[in-house]
Structure formats: structure tokens, C-alpha cells
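Before any comments, here is the structure.
Values below: every heavy atom of this structure, side chains too, minus hydrogens, waters and symmetry copies. Being a predicted model, the structure only gives us computed values, none of them experimental.
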Amino acid sequence: MKENQNESSNPTASPTKRPIPPYVKALSGSLGGIVEATCLQPIDVIKTRLQLDRTGSYKGIIHCGATVSRTEGVRALWKGLTPFATHLTLKYALRMGSNAVLQGAFKDAETGKVSNHGRLISGFGAGVLEALVIVTPFEVVKIRLQQQKGLSHDLLKYKGPIHCARMIIREEGILGLWSGAAPTVMRNGTNQAAMFTAKNAFDVLLWKKHEGDGRVLLPWQSMISGFLAGTAGPVCTGPFDVVKTRLMAQSRGVDGQMKYKGMIHAIRTIYAEEGLLALWKGLLPRLMRIPPGQAIVWTVADQVIGLYERRYLPSAAL
């Protein structure tokens, strides 16, 4: 009764928005991850091959894809799909869920709104968490599988994701699965800080959509917002992604030494040996993969979240 009296005495006050539970956002992210992995795995394989190409064997995206298909078969474009799909499903679940939890700490107690700096910090925190818990070990396995060339399964060093992980642990220790963790943390933290902030901004700017208002974006609207939100990260974090890939792909040489000693050493070595632009190798396929990937993920996620809002938050639309 007190709440009703207060609201009626102050009609201009905004009602506190009921939050969407983190588990709903986690579920929406995992479903989006499954769809994204299936659609975009070939682009990820091409990106990895280009980033590991030090001799200029591939002339570009189309040439790389055609060469892989011709010499290794079309199925080679889906190499590493199992760890990639698993890692995306878990990554998006953790990303969406942890971001929702972190944003809860920055919500205004009266309006339930989150400031832009709160979104940035929450996004960065979610990116760091996903990088350490899920992304790094899964991507190490994925990249080791993708860099293998050849048609004969018997001649491949790694026979599959589980065998690959076991070999890495046996030869390099458990920390071998976290090779390239530093640039991965920097890449994912920066990416998610920008992405969550941009997605919310585009939703409001383009469609006047606010979280918890009961409205559900049409799929094409979610695709546009997600695509635009996913464009800035690859350009800003290109060097981190190249260094991450090199660190994850390397194994000990005959002398037992690693070529790259860490993130800074890798950046310096790549710059000295291959030039500045080498730090942005694979940028075009990243731009071909990440923005469309975000478009796919957000199309699925927004529909799942919207379904929850319509069914369980009917007051949000009032």
C-alpha cells in the first residue's frame, strides 16, 4: 500500500525495473553460441591459417579457403568445430550471465538503470572472466587442431580435441593450455567492454529499446544492433589477437625453447621480423566473422530474453 501511495503522489517517478535473471541471459547466450559456431567456423579456420602464415602461402581469404578445400577437403574448413562450438556455448553463457551479475552492482537503486561506465566495467570484467575460465584453454586446443595440414588422419599429431589437450599437458604441462592468456585477457576484456556498451547504445538510438521495457526487437533489428556493436573490437584488438594465436600455436622446438617468450616479446618479434601490419593479420576475416557472429548471437539472445520479458515481466511494458 505504501508503494502505491508513493507512486500516486509522485507520478513523474520512474518505477524500478525488475531485472532479468542472469540465468536467462546465460541461456540466451549459449543458444546463440551454438548457432554462431555452426555458421561461421570456416571463417575462423581461414583466419587462423592466415595469422599463422609466415611465408605468404595464402594470397587472401578466398585463396586460403580454396587452397584448404582443395588440398585437405571441404570438411577441413570445419576443423576444430567440436571445441569451437563447445567453447562458444560456454563462453556466451558465462559472458552474458557474469555481465548481468556485474551490472547488478552498478544499477541505480531507484531507476534500475546502468550507467555507461558501469556497462564498460561490467563488460570488461565479463571478458576477463571468460578469457581465463573458458576461452584460453579451448582456443589453444582449437588452434593446434586448425594449424595441422594434411589429409591423412594417421599422420596428424593431434587426433582430436581430447587427444590434443592430453598431448599439450604431457609435453608442456597444464599451463600449456593457458598459453597466450595475457593477450587473450586484454582482447576479450576490451572487446566485451565495447560490445555491451555499444549494443545497448544502438538499441536505444535506433529502436528506442530499453532493457526491461517489455518490448522485443524484431530479428532484423537485433541483427543490425549486434553487427554494429561487433565492429569496433576487431580493429582495436587486432595485435592482441595475432599475438594470442602465435603464443597458443607454438610448441617447444628441438632445443626445448619457445620462439615467443610472452606477449610483449611476441609483439616486438613480429614487428621486427614481419613489419607493423603483421600485427593486424587476419583482420578482414575477423571482421567477416565477429560482427556477423554478434548479429547471430544477439538475434537469438534478444528473442529468448524478450520471451522471458513478455511472459514474466508483464508490468515492464506498462
Check whether more than 12 heavy atoms from other residues, nucleotides or ligands sit under 6.0 Å from atom CG of L218, and answer yes or no.
yes
### Query
Hey, is the main chain of R289 close enough, under 3.5 Å, to the side chain of E36 for a donor-acceptor pair?
no
Per side chain to side chain donor-acceptor pair (under 3.5 Å), Y260 is matched among R268, R246, Q250 by R246
**Report entry** Check: S122/N99 side-chain N/O donor and acceptor closer than 3.5 Å
**Finding:** no
Applying side chain to side chain donor-acceptor pair (under 3.5 Å) to T48 and not counting sequence neighbours gives Q146
Next on the checklist: One thing to verify: whether E130 and R95 come together as a salt bridge, which I'm taking to mean a side-chain N less than 4.0 angstrom from a carboxylate O.
Outcome noted: yes
| Exam field: side chain T38 to backbone I34, donor-acceptor pair closer than 3.5 Å | yes
With no hydrogens and no angle check, is any side-chain donor or acceptor of N188 less than 3.5 Å from a backbone partner on V128?
-> no
* To do: Output yes when a side-chain donor or acceptor of K79 lies under 3.5 Å from a complementary backbone atom of Q148, and no otherwise.
  => yes
Answer yes or no: are there more than 12 heavy-atom neighbours, outside L277 itself, under 6.0 Å from its atom CG? no
Worksheet item: Is E172 salt-bridged to R144, going by a charged N under 4.0 Å from an acidic O?
Response: yes
Between Q41 and the options L88, L81, I46, the side-chain contact (heavy atoms from CB on, under 4.5 Å) test singles out L81
task = State whether the side chain of W280 and the backbone N or O of V235 hold a donor-acceptor pair below 3.5 Å, judged by distance alone.
result = yes
For R187, the side chain to side chain donor-acceptor pair (under 3.5 Å) test, sequence neighbours excluded, returns E139, D241
Query raised in the report: Are W220 and W207 close enough that their ring centers fall under 6.0 Å?
Result: yes
